[in-house]
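All heavy atoms count here, side chains included; hydrogens, waters and symmetry mates do not. Since we're looking at a predicted model, the values are computed, not measured. Each chain gets a letter, A, B and so on, in the order the sequences are listed, and its residues count up from 1.
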Amino acid sequence: MDASNPKIELGPRAVCQRCVLPESKPDIWLDGAGICNICRDFDKQNNGHEQVKFLESDFIKILNQNKSKGKYDCLIMCSGGKDSTAALYYMKKRYKLNPLAFTFDHGFETEDALENIRNAVDILGVDFILFKSDFMKEMFAQIVRTGSKAVLCHPCSIWYMGVTFDMAARFDIPMIVAGWTKGQATHQPLMSRCGCNAHQAEFVSMSKATQAFLDQYTQENPKYKDFPRSMEEVLTLAKKRHKAMVVSPHWFLPMDAGVYVEILKKELKWKFPRLSYPGLSTNCYLNFISVHNSMKHFGYTHYHVEMSKMVRASLLSRQEALKLLEINFDHGVLQHVMQKFDSVKGLK
Amino acid sequence: MNILGISCHYHDAAACLYKDGVPVVAVQEERCTRRKNTSAFPIQAINDCVQYGGITFADIDRVSFYEKPFLKFSRVILDHVKAWPLSLPGFLTTMPHWLEDRLILPLTLEKEIGFKGDVSFVKHHLSHAASSFLVSPFDEAAILTGDAVGEYATMTYGCGQGSDIKILREIQYPHSLGLVYTAVTTYLGFAAHEGEGTTMALASCGKPRYLDKFREMIKVKSDGSYVIDQRFFGFNKGDRMYTPRFLKAFGRARKPGTTIEERHCDIAASLQKVTEETLLTVVRHVHAETGLDRLCLGGGLFLNCVANSKILEQGPFKEIFIQPAAGDSGGALGAAAYVHHCVLKNPRTYVMRDAYLGTSYPDARIRNILLNHNMVFKEYDAEALSKFVAQKISESKIIGWFQGRMEFGPRALGNRSILGNPCNPHMKELLNDKVKHREPFRPYAPVVLEERAGEFFELSGTSPFMLLAPKVRKDKKAVIPGVVHVDGTARVQTVSRETNQKLWQLIKDFEGITGVPVIINTSFNLRGEPVVCTPEDAIACFKKSGMDYLVLGNFILNKVENFRP
């Protein structure tokens, strides 16, 4: 970070003493013991820490039940991050499948991430498609320009899941593999909502804001008139065209990220990016703005939700999660990203 | 070569990964599912084997099952026909299991783990024989197996040499010493496949007044075989394993939970005595037939540590080896070992010196779990931890001790154990009141430094798997009253620095305080539950019981700080 750029200051909030969610009424509130309602609900639902079993054999069953009749066994969504690169590695090396790697670049991908992907597909000898488009740029710009509470990552994920389902249909691939962690998963054996459940208390306000934005913006802009308003809509449309299961090996494998990061570094020349949020992640440039806005509007991000789930499952300590979630970028980074919007009409 | 050994469908389901001649992982399914003695296909244990064994499911070269299902099925059908129509209820209950699970293992393997390779089926008693001899320290030995029933065999003997096993003779169903023991166990009001140890403990409280009656029922022949008088037993004729004739001879059966009378103790004592007599006769015959000086024992019958000691003390063999998972769970290990060595002709390189073949949890993961459970805990270095725990044991505090890899087999051998002070004469009552809630006549077992075992027990060798019950030396009975059974024996475990450094050091530190190199070691579970597997299980057990401290890796939790009354 450049010392001349002011640090990002976000007002202090009381944080749950068990997970890492801050109080954010009306969705998240802390009780007298400083524990949030999400953790209390988790305890009730899980009968006081009943352990969730993650069995690799369940994943094997899914793989066997969804065998491809075509050239590729699965389509892997590769962001260049550790989790999706590990998913690619596992599908190729551990399960001996023939995957098609697929990356989408909305114009904000980092060179570090793209280099990780190139190295991985080259070393593993996997066919690879890079889909680059600035289709979403105006929508992103509108969210930033208007100060909307819509979470940038939400329309982005709606878009990329739609594109991914299209790609699976085009190559007649029965299985889409993502690098989602146990913190992003909700239910086994597959997660129907592709990453997060918009109806979870932690996401209600964020989802409402994104929904409101999409409802209005897509009506007003002919370019986006067919843009799905929600992930459910994406899934409904996808089912009509081509049935593909979405699954992540990380839901079933017991290895923690530390284990596979070492393998990726050694075997696939994989590197952590110079700067990314949260710590030890590989996310796009736009993510910095998304995080900043989420923190400003809601006091937390979807990463806080993910890591809280991992803390509740004892896969991560609260201290580790808090450390990873510390804001590690400044206004200089945000300005740098904003410059990428310069060419977009109407953005100031 | 990765061979996955599996035992399941009856009780004590387990899986074992035998990797290049070494059992690298072995896990009982009950530990994962928390259902004691589960018979279910051991899918969770298999997952543990693959993941802890550092392989993938695709790397499994071969699966080996611990018995021959079709052979067993033929015996079951014949048995039902013979006992018809009394066997009808049993027939209706068991047939769906046979058709849906037991006869279709290759299909189950393909469905559950995607395995389509070779599946070997090893005879039940051959699996027991292999589970003992092939991991024993002996190049050549006689082998004796005994349990309830396999396919047809209930007891076999033979010999092993190098990587070969030869079964010389077998005794067949319904003549089963194991089934008689289980039948009488149920008559005494204890659960089948679980209460046999209780019957064994009860035996010490009685006199063998019914020995003649038992001798009438179990007739030992001059060739070392025996015949069970079937008029007293009905192993497949309804919901009881004994007949009205048995009840006429011994009186009304005890209902579970009711008072234990002197008569019950005497019946247990007589059963134990006749079992020992019969086994000694068989063992002497095996010795004469094979001419060998070393003996390997396998099968659930040889979880009877009192009989094992008699075989060692009064039998003709110089040395005996009993594998810690002598029951059906060990069949998973035996089946895999048999295929690797006896079928594929690979030489033996491994000797089983400890039973720590299960899963483990690094301290970083334990810390996360403790934090997630809002536990108050302190982290110690190994030396300070050992000294602290030794001090607390000397103060007669009850310690939950969770370290390293879980044991394979029914005994907790110092990694999933509850520890106590053997010097306190009231320790048994304390453990019973606060944690285990066992029958008062059941003793607690000692673990002793291997190099000091001879000073305290009439034991010439070692007993690393707690499968021997030697006499406590007269001058030591008053020193360790907490572990001396009513008959003056103790089910002892010896521990060496090489096999369990942490436990060895703890006992050493306890000795530094008390002068006694012995502590109480009982399994880390509550009555009716399987031994704990994960740190979460340990915390739950700690919470529900009256243990004073829980030691998880290098972390110590105090009961008062965490669960105030």
Looking at [atom1] of [X] and [atom2] of [Y], how far apart are the two atoms once the value is rounded to the nearest 0.5 Å?
{"X": "B/Ile113", "Y": "A/Ser57", "atom1": "CD1", "atom2": "OG", "value": "8.0 Å"}
{"X": "B/Glu112", "Y": "A/Lys61", "atom1": "CD", "atom2": "NZ", "value": "3.5 Å"}
{"X": "A/Gln65", "Y": "B/Lys111", "atom1": "CD", "atom2": "NZ", "value": "9.0 Å"}

Chain A contact via [X] - side chain, backbone, both or neither, heavy atoms under 4.5 Å:
{"X": "B/Leu371", "value": "side chain"}
{"X": "B/Ile46", "value": "neither"}
{"X": "B/Lys116", "value": "side chain"}

| Trace of the side-chain contact (heavy atoms from CB on, under 4.5 Å) decision for B/Arg365 with A/Leu315 | CA-CA 7 Å; B/Arg365 172 105 171 113; A/Leu315 298 168; 3.8 Å; yes

| field | Shortest non-hydrogen contact from A/Leu55 toward B/Asn47 | value |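 So the two residues come closest at C-OD1, 3.6 Å.
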
| request: Indicate the atoms forming the closest heavy-atom contact of B/Phe57 with A/Glu56, along with that distance. | output: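 In this case the closest contact between B/Phe57 and A/Glu56 is CE1-OE1, 3.5 Å.
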
Using a 6.0 Å cut-off, check whether atom [atom1] of [X] has over 12 heavy atoms from anything other than its own residue.
{"X": "B/Arg35", "atom1": "CZ", "value": "no"}
{"X": "B/Lys543", "atom1": "NZ", "value": "no"}
{"X": "A/Lys271", "atom1": "NZ", "value": "no"}

| said: Regarding B/Asn368 and A/Ser314, do their side chains bring together a donor and an acceptor under 3.5 Å, going by distance alone? | reply: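 Distance-only check fails for B/Asn368 and A/Ser314.
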
| said: Set out, in order, the CA-CA distance, both residues' side-chain angles and the distance that settles side chain to side chain donor-acceptor pair (under 3.5 Å) for B/Asn372 and A/Arg18, then state yes or no. | reply: CA-CA 6 Å; B/Asn372 185 28; A/Arg18 180 150 156 228; 3.1 Å; yes

